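Being a predicted model, the structure only gives us computed values, none of them experimental. Each chain gets a letter, A, B and so on, in the order the sequences are listed, and its residues count up from 1.
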Protein chains: 2
Amino acid sequence: MLRHGPLKIRGNRMNTEKKPRRRKSTRLSQDQRVSDILAAANDLIDTKGYENVTMVEIAERSHIVEGTVYRYFKNKDELMLRVAEDWLRLKLADLLDVSALNGTYNKLRYLIWHSLKVIVSKPAVTRYIMLEVRPRESYKTTELFSINRAYTNQLRKLFADAISSGEMKRGVPERLLRDMVFGTIEHSTWRYLRGEGDLDVDELADEIAMVVFHGMSDRQPVTNPLEASLARIEAVAERLEKAVPAG
Amino acid sequence: MLRHGPLKIRGNRMNTEKKPRRRKSTRLSQDQRVSDILAAANDLIDTKGYENVTMVEIAERSHIVEGTVYRYFKNKDELMLRVAEDWLRLKLADLLDVSALNGTYNKLRYLIWHSLKVIVSKPAVTRYIMLEVRPRESYKTTELFSINRAYTNQLRKLFADAISSGEMKRGVPERLLRDMVFGTIEHSTWRYLRGEGDLDVDELADEIAMVVFHGMSDRQPVTNPLEASLARIEAVAERLEKAVPAG
DNA sequence: GCGGCATAATAAGCCTTACTCATCTTACCA
DNA sequence: TGGTAAGATGAGTAAGGCTTATTATGCCGC
């Protein structure tokens, strides 16, 4: 199938084929065109998934021709990046300062909850960022990387507050804790991002915060009878130790 | 640029152009061809990154022509999947049964260490799996998904052992703990997978195991609460025995 | 050795999609 | 109202995945 109509008008005696008519065009302001294109791209990404949108489609939905898109965006990647940046910037604009929240756990839960909200609000673009932008060598020089710093910064505050309140011990590499928090969030959302079912953001935020905060090991009051028994004996031991004069 | 030599031989009076010479071909056994192709694909993926290898290149390096590759692999995706599957299956073949290891922490550390070893052994294919296979809707019906179950199964054993020894409390969704373990591993390796520097597998395994085991909150790095508890009691008992006059 | 033949391998293309560019056209302004 | 800068168009290219008609090779029976 030819993309642009017949290549050659076959001449027959009385040429009944109309010569290809150039479509009527309208000149819009730069801003209007750009926002038309961005809107079209957004719609298409959301409905078809970022990997399936083509420049022709974006152009059609913007009521222009493919070549015109390239007047406003250097290439497809720049357009997609712009969509992602605009969205993420908007979403992170209302991120609270966690220092205002009460307690390490609440701060943590809030950050996790916020990330999940962002992801759920536009899964297709999240996929784009996770699959196309973050893996790049140049990721760290990316605008998206800078925007994401908002989370990193809040997490840093959380750590500072938690250390000064004694809830966290000093010395654990911040990098690792970050990887644990965001790694758990991302891994938890893959099922959703793959299109398998919904996501209960509030419940999941609770669960993730809990597991990340406490880790795998048991630290709650013991339920195991053997341990309970030991705990009682320990308590007695402690009392006796105090009672008996140091010898 | 034409991909396959001149399309049309322009006839001039005395045709001095040699007619396109069909290259000499050799027929190999099915097995030999397949393994040639797989070897070529492997080399190319490792050296150029999976996103940059083309079917023509794979064919050239296998000393055949593009079309021939399609006799042995339905399409590019099937070929790439095969490369990934063969590799991962081989790598997971020697995964130990964690029940043989001593203590939850050691089991955990071993699983993390093993994953990291696998990732480091072929980062280009790891990227392919993480960026192309796992995001698919069909991922769970994939051979790679099945192969990966080896980890899941070992992790399940770890949980079972840890619960029965009292180190972990019952009731935390297994899914979440899995997401924490593997999410932290993956997030920790992105810098490396992006090509930013090396990875000290042993050190990182220790760090991840530590942070995943204990979580963010401050706690003693106790490896076995029962043993720790007994140790404390014994110390007290010893002191008391010395302090209290023999009755 | 030799000829027939199943099928491996080749060469030439097709299709899609990102991107380019010469040409046409429009809106604005003098 | 007409000249013009720049916006918009249509046609085309390149690259890469995939298909297929044709060629020729190695095997097998004789």
K.L.:
Counting only side-chain nitrogens and oxygens, does T68(A) get under 4.0 Å of the OP1 or OP2 atom of dT9(D)?
P.N.:
yes

K.L.:
Looking at dT10(C), I'd like to know if its phosphate oxygens (OP1 or OP2) sit under 4.0 Å from a side-chain N or O belonging to R23(B).
P.N.:
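So the side chain of R23(B) is within the cut-off, an N or O lying under 4.0 Å from OP1 or OP2 of dT10(C).
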
K.L.:
Within this structure, what is the OH-to-P distance between Y70(A) and dA22(C), rounded to whole angstrom?
P.N.:
18 Å

K.L.:
Could you list the donor-acceptor pairs under 3.5 angstrom formed between side-chain atoms of residues 201-208 of chain B and any protein atom two or more places apart in sequence or on another chain?
P.N.:
{"from": "D202(B)", "atom 1": "OD1", "to": "W113(B)", "atom 2": "NE1", "distance (Å)": "3.1"}
{"from": "D206(B)", "atom 1": "OD1", "to": "R109(B)", "atom 2": "NH1", "distance (Å)": "2.8"}
{"from": "D206(B)", "atom 1": "OD2", "to": "R109(B)", "atom 2": "NH1", "distance (Å)": "3.3"}

K.L.:
In this structure, how many angstroms lie between the P atom of dG7(D) and the CG atom of D36(A), rounded?
P.N.:
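About 15 Å, once rounded to whole Å.
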
K.L.:
Return whichever of V65(B) or G67(A) has its heavy-atom-nearest nucleotide of DNA chain C closer to the 5' end.
P.N.:
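It is V65(B) whose nearest nucleotide is closer to the 5' end.
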
K.L.:
Between V53(B) and S25(B), name the one whose nearest nucleotide on DNA chain D is closer to the 5' end.
P.N.:
V53(B)

K.L.:
Show every donor-acceptor pair shorter than 3.5 Å between a side-chain atom in residues 88-95 of chain B and any protein atom, with sequence neighbours excluded, or say none if there are none.
P.N.:
{"from": "R89(B)", "atom 1": "NH1", "to": "E143(B)", "atom 2": "OE2", "distance (Å)": "2.7"}
{"from": "D94(B)", "atom 1": "OD1", "to": "H114(B)", "atom 2": "NE2", "distance (Å)": "3.2"}

K.L.:
Nearest whole Å is fine: how far is dA18(C) P from Y50(A) OH?
P.N.:
13 Å

K.L.:
Suppose we screen for side-chain hydrogen bond (donor to acceptor under 3.5 Å, both in side chains). Which residues come up paired with D86(B), at least two apart in sequence or across chains?
P.N.:
R82(B)

K.L.:
For E66(B) and dT10(C), give me the distance from atom CD to atom P, rounded to whole Å.
P.N.:
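For the pair E66(B) CD and dT10(C) P, the rounded distance is 12 Å.
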
K.L.:
How long is the line joining CD of E60(A) and P of dT16(C), in whole Å?
P.N.:
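In whole Å, dT16(C) P and E60(A) CD are 14 Å from each other.
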
K.L.:
Test of understanding: with ring-ring contact (aromatic ring centres under 6.0 Å, His included), list the residues that count as partners of Y70(B), not counting sequence neighbours.
P.N.:
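Scan of Y70(B) (ring-ring contact (aromatic ring centres under 6.0 Å, His included), adjacent residues dropped) gives none.
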
K.L.:
Over how many whole Å does the gap from R22(B) atom CZ to dT10(C) atom P extend?
P.N.:
7 Å

K.L.:
In whole Å, I'd like the distance from the NZ atom of K24(B) to the P atom of dG26(D).
P.N.:
7 Å

K.L.:
Counting only non-hydrogen atoms, which of residues 71-84 of chain A are less than 4.0 Å from DNA chain C?
P.N.:
N75(A), K76(A)

K.L.:
Without decimals, in angstroms, what is the distance between L28(A) CG and dG7(D) C1'?
P.N.:
10 Å

K.L.:
Can you list every pair that meets salt bridge (charged side-chain N to carboxylate O under 4.0 Å, His left out) and has a residue in residues 113-126 of chain B, with sequence neighbours left out?
P.N.:
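Every salt bridge (charged side-chain N to carboxylate O under 4.0 Å, His left out) pair that includes a residue of residues 113-126 of chain B, provided the two are not neighbours, is D46(B)-K122(B).
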
K.L.:
Is the CD atom of E137(A) crowded by more than 12 outside heavy atoms at less than 6.0 Å?
P.N.:
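Open.
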
K.L.:
For Q154(B) and Y110(B), does a side-chain donor sit closer than 3.5 Å to a side-chain acceptor?
P.N.:
no

